[in-house]
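In what follows, a single structure is set out as structure tokens and then discussed.
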Amino acid sequence: MTGGERPATRRRRERMVELLGAGDGSVHDLAAAFGVSLSTVRRDLAALAEGGRITRTYGGALDHRAVERSWHDKAREHRTEKAAIARAAAGLVRSGDVVLLDAGTTAARLAHELRARGDLTVVTNGLSTLVELADAEVEVVVLGGRLRRPNESLLGIRTDQALRRLTPDLAFLGVDGLDPRRGVNCPDAEQAALKETMAQCARAAWVLADGSKLGGGGGFPYWAEMPQGTGLISGAGGDRDGGDGAGGERRLAAYEAAGWRVLSCAERPDAAGRPDAAQRPDHREP
């Protein structure tokens, strides 16, 4: 979506993404819900489809089933915000920690931030993270399993068994979509179960989500429930990569109200781009 949108248009389109992600609404339903014309709804849907937020089918119908995109497609989006999220996440990692990194583009960016940390052990199921750390100083443990495309992750019985023998100090999870109460939206039931295990086995779990992931879900049918007190690191509170400022702050407030520990990497970064010590939470807090 362009930076020239009016605030009311932006809010309406964000709400449309939420409704369509939940499987609700036709063109006529949306026009009635928002009190606008059919032509306005069609313009909104065209803009959302062009931005990759929804999928439109032949004849103008809406496909509420989200299409899972490749890792490489996702890597080109929200680069500035993802880099800021990765720096904020790296600021939580302490010497001697065992860090569990999920698959995903933001997790891979975090792996890049940790390359020089020879005082860490990183456990991962992400191929992109493995490649990032292959020639780094970090001790790396690879979770076995079956390769899942297109997100370049390993999962399956072997992955689950290996995870259940671990208690990482920190787990950082990637997401396709997020809801403050339902948790992490996933395109695959096995992937949802794996993310739940990742969050449960760690002493502290953090979800890495740019502002585009916070609209109530990614449109997929499966959900991974997160433990109470799971953390969220996002740049949605600022204007990174077209972030919506106050709108992002409202979305983050909804997560805080639902019991999430929220760290906005857009707020008061220090000179190194990491959160202030005053806002850097102890990752071992219950």
Side-chain angles (χ1 to χ4, degrees), residues 1-7 9-11 13-14 17 47-48 50-53 69-93 99 101-117 126 128-129 131-133 136 150-152 170 172-178 184-185 206-216 218 231-255 260-277 279-281:
M1 285 181 276
T2 65
E5 289 176 355
R6 295 178 178 178
T9 300
R10 185 165 57 238
R11 288 193 295 269
R13 290 177 179 176
E14 288 295 331
V17 172
L48 291 169
E50 184 179 357
R53 305 293 302 281
R69 293 175 299 145
S70 74
W71 189 96
H72 301 284
D73 286 343
K74 295 176 184 177
R76 289 193 287 266
E77 299 177 340
H78 308 287
R79 291 181 178 180
T80 303
E81 185 181 356
K82 289 177 179 179
I85 291 169
R87 289 192 296 269
L92 299 176
V93 179
V99 180
L101 290 186
D102 190 10
T105 57
T106 312
R109 192 67 185 82
L110 172 55
H112 180 81
E113 291 291 325
L114 299 176
R115 281 177 53 85
R117 297 284 300 271
S128 52
T129 294
V131 170
E132 187 68 51
L133 298 177
N151 71 330
E152 300 186 359
L170 286 162
F172 293 103
L173 278 63
V175 298
D176 288 290
L178 195 65
V184 177
N185 191 227
W206 291 85
V207 170
L208 310 177
D210 64 73
S212 70
K213 310 292 178 59
L214 305 183
L232 167 63
I233 306 176
S234 179
D239 290 322
R240 300 179 184 274
D241 285 357
D244 58 358
E249 291 176 1
R250 286 193 295 271
R251 289 201 296 272
L252 292 180
Y255 285 85
W260 292 69
R261 302 167 63 197
V262 175
L263 175 58
S264 173
C265 61
E267 294 177 2
R268 301 177 303 171
D270 65 17
R274 292 185 170 85
D276 289 343
Q279 68 181 105
R280 185 184 296 127

Problem set entry | L178 side chain reached by W260 side chain, heavy atoms, under 4.5 Å | yes

Problem set entry | Which atom of A103 lies closest to which atom of N151, heavy atoms considered | CB-O, 4.1 Å

Exercise. So, do L232 and L214 sit near enough that their side-chain heavy atoms are less than 4.5 Å apart?
Worked result: yes

Exercise. Is there side-chain contact between R117 and V93, with at least one heavy-atom pair below 4.5 Å?
Worked result: yes

Exercise. If you look at every heavy atom in L114 and A90, which pair is closest and at what distance?
Worked result: CD2-CB, 4.1 Å

Exercise. Is there side-chain contact between R10 and R6, with at least one heavy-atom pair below 4.5 Å?
Worked result: no

Seminar exercise, completed: Output for pair (C265 SG, I85 CD1), nearest 0.5 Å, gives 5.0 Å

Exercise. Run the side chain to side chain contact (heavy atoms under 4.5 Å, CB included) check on N185 and D176 step by step: do they pass?
Worked result: CA-CA 6 Å; N185 191 227; D176 288 290; 5.5 Å; no

For this session: Side-chain contact test, heavy atoms from C-beta onward, threshold under 4.5 Å: evaluate it for S234 versus E81 and give yes or no.
Result: yes

Seminar exercise, completed: For R13 and A47 the tightest heavy-atom approach is NH1-CB, 3.5 Å

Exercise. How about L101 and L110: do any of their side-chain heavy atoms sit closer than 4.5 Å?
Worked result: yes

Exercise. Is any side-chain heavy atom of V207 closer than 4.5 Å to a side-chain heavy atom of V175?
Worked result: yes

Problem set entry | Note, W206 side chain near R261 side chain (heavy atom, < 4.5 Å) | yes

Seminar exercise, completed: Correct closest heavy-atom pair for G174 and V184 would be O-CG1, 4.4 Å

Problem set entry | Closest non-hydrogen atom pair, A89 against L208 | CB-CD2, 4.0 Å

Seminar exercise, completed: Taken in chain and number order and not counting sequence neighbours, the residues that satisfy side-chain contact (heavy atoms from CB on, under 4.5 Å) with R115 are H112, E132, L133, D135, A136

For this session: To the nearest 0.5 angstrom, please state how far the CZ atom of R251 sits from the CD atom of E14.
Result: 5.5 Å

For this session: Begin from the C-alpha positions of K82 and T105 and carry the test side chain to side chain contact (heavy atoms under 4.5 Å, CB included) through to its verdict.
Result: CA-CA 8 Å; K82 289 177 179 179; T105 57; 2.9 Å; yes

For this session: Looking only at non-hydrogen atoms, find the nearest pair between A108 and S128 and report the distance.
Result: CB-OG, 3.7 Å

